[in-house]
Amino acid sequence: MPYDQYETVIGLEVHVQLSSKSKAFCGDSTVFGSDPNTQVSPISLGHPGTLPFVNEEQIMYAVKLGTALGCEINTHSSFDRKNYFYADLPKGYQITQDRSPICIGGNLQVKLGDNYKSFRIHHIHMEEDAGKSIHETGSPYSLIDLNRAGVPLLEIVTEPDMRSAEEVDAFMTGMRRLVRWLGVSDGNMEQGSMRCDVNVSVRLKGATEYGTRCEIKNVNSMRYAKRAIAYEVKRQIDLLEQGIAIEQQTLNFDPDSGQTTPIRDKEDAHDYRYFPEPDLPPVKLTNEYIRAVKDQMGKLPWELYQDFTEHLDLSDYDASLLTEDVRVAKYFLGLQHLSQQTKSAANLIINKIIPYCKDQNLEIFDFPVSSENLVKFIDLIRTGKVSSAIAYQRIFPALIENPDIEPLSLAEKMNLIQSSDHSFLEDLIEEVMASNPDKVKAYKNGKKGLLGFFMGELMKKSKGKADPKLANKLIRDKLEGK
Ligand code: ADP
Ligand code: MG
């Protein structure tokens with residue numbers, strides 16, 4: 001198969017809409033989902049005589065993301081105009097950074113199966129979003145919504161370091177976690193807060209030069225990205241195998257047909273007529289400012305992951321889950337600190353609290369039971385008052401219903417305190433033995449595996465309250481006639 005002889009090469013241009021409440025160069029709101037054309041003003045509509053101004057928040061987010069990615073922060077960057085004519089671009093140009101972007105270099109390390117791979121960042125620049133064109137099928141005209149025009153963006157341009165759709169997926173997932181962690185963006189791909197242009201080329205394995213690339217525009221779901229890449233890779237290899245050179249093109253992916261098709265040629269770089277934006281001053285940053293942003297940033301997800309696995313001895317699985325989201329990580333650290341029970345705190349959060357909050361659509365910090373009561377709940381298990389199975393299955397749901405009641409009182413009220421009362425357990429064991437004489441005989445004849453059966457029966461009879469360690473010993477003693 002010729003396909004096996006080729007290697008896929010991919011580089012991304014990731015657009016991230018910032019969490020900033022106002023647009024990049026004016027005060028219009030950026031809230032998603034409002035009625036069309038209600039978040040516009042003379043500046044975002046590009047009326048003559050209006051002047052843009054710089055949004056400090058956009059700069060702060062750029063410095064934050066750049067610092068997290070290990071970029072060099074440019075203390076002197078500037079804006080440029082990228083000119084093109086399109087209905088969703090009211091000014092007739094986009095304000096972007098072409099000659100001197102705010103962040104240079106850097107990389108994002110991502111987990112791929114059991115390994116890590118580092119993807120280099122070429123640069124990050126600040127720009128503004130365009131409006132949205134709505135083409136309804138069968139309609140003789142298009143609709144334009146300019147609410148999005150001027151929404152602040154960061155564009156992260158990677159080096160062509162990815163070699164498969166899986167790597168693209170892993171990179172985007174890692175980037176989404178990071179922008180959410182930092183509060184830079186909600187990273188919501190369905191709402192278009194994070195989208196990417198996917199540059200794809202192929203080359204024979206072992207070749208040193210890259211092949212000619214095609215750029216698939218505006219991919220807003222990883223599922224589409226995978227399909228688009230698969231289609232594009234096959235298309236390019238088929239052409240090369242026929243001896244036809246790849247033409248550098250800008251493409252659209254149509255999810256319905258599963259195909260990529262060339263789009264209008266506005267993207268041709270030489271047509272943009274970039275020139276310095278005359279209405280905005282350059283962005284000058286002091287080293288003190290850059291350091292202050294860094295100091296406020298707190299630990300990054302991979303730093304906490306390392307802490308959790310190396311210093312707290314958590315498994316890779318637990319540490320990954322607990323560093324998915326900054327609030328979950330903080331919540332865990334709080335409970336861990338308060339309870340001094342690392343593994344129990346992790347288990348409780350992963351197995352009970354996260355699923356409950358997901359189900360109820362709650363933020364983890366809005367979980368109804370206080371950390372103090374959760375610590376008492378953990379202690380109930382630790383001190384052997386309740387078995388962990390009973391605690392998780394019976395007491396925890398009751399605690400959610402009665403978050404202010406002490407877990408111990410709850411367990412007492414529910415009559416679930418584990419019994420380590422010898423005579424109580426011995427009576428029950430005798431009952432179990434009396435109703436199963438054949439099993440007792442079999443055990444005495446050497447079928448030691450029946451111990452589990454007797455334990456099970458005892459647990460049923462005691463309604464789960466038997467302290468398993470003690471029960472185990474007592475059953476054995478009784479069966480062996482000690
Ligand atoms: P331009 O300056 O023409 O816009 P760049 O060289 O800056 O292009 O690259 C833009 C994007 O395309 C980057 O994400 C880069 O990684 C990617 N890219 C560049 N060359 C290739 C290639 N041969 N195959 C795949 N992706 C590429
Ligand atoms: Mg761009």
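Each ligand, and each atom within it, is numbered from 1 in the order the structure gives.
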Residue pairs passing the salt bridge (Lys or Arg N to Asp or Glu O under 4.0 Å) test with at least one member in residues 347-371, sequence neighbours excluded, are R327-E363
Minimum non-hydrogen distance to atom 24 (N) of ligand 1, winning option of G211, G11, C196, S201: S201
Candidate with minimal heavy-atom separation from atom 3 (O) of ligand 1, of R213, H123, E13: R213
Is the distance between the ring centroids of Y86 and Y93 under 6.0 Å? no
Check W181 against T323 and note the closest heavy-atom contact, atom names and distance. CZ3-O, 3.2 Å
Given that the side chain starts at C-beta and the backbone is N, CA, C, O, which of these parts of [X] lies under 4.0 Å from ligand 1, counting heavy atoms, or is it both or neither?
{"X": "T212", "result": "neither"}
{"X": "V157", "result": "side chain"}
{"X": "H122", "result": "neither"}

State the atoms of ligand 1, each with its element, that fall below the 4.0 Å cut-off from a heavy-atom position in [X].
{"X": "E159", "answer": "16 (O)"}
{"X": "Y210", "answer": "23 (N)"}
{"X": "V9", "answer": "24 (N), 25 (C)"}

Within the supplied structure, the quantity of interest is the number of heavy atoms (other residues, nucleotides, ligands) at a distance under 6.0 Å from K111 NZ; does it exceed 12? yes
Counting neighbours of NE2 on H337 that are heavy atoms of other residues, nucleotides or ligands and sit closer than 6.0 Å, is the number greater than 12? no
Polar-atom distance check: P160 versus ligand 1, any N or O pair below 3.5 Å? yes
Check whether any N or O atom of V200, backbone or side chain, sits under 3.5 Å from an N or O atom of ligand 1, and answer yes or no. no
Which residues pass the ring pair (Phe, Tyr, Trp, His ring centres under 6.0 Å) test with F365, not counting sequence neighbours? Y331
Residue pair R120 / N107, side-chain donor-acceptor N/O under 3.5 Å: no
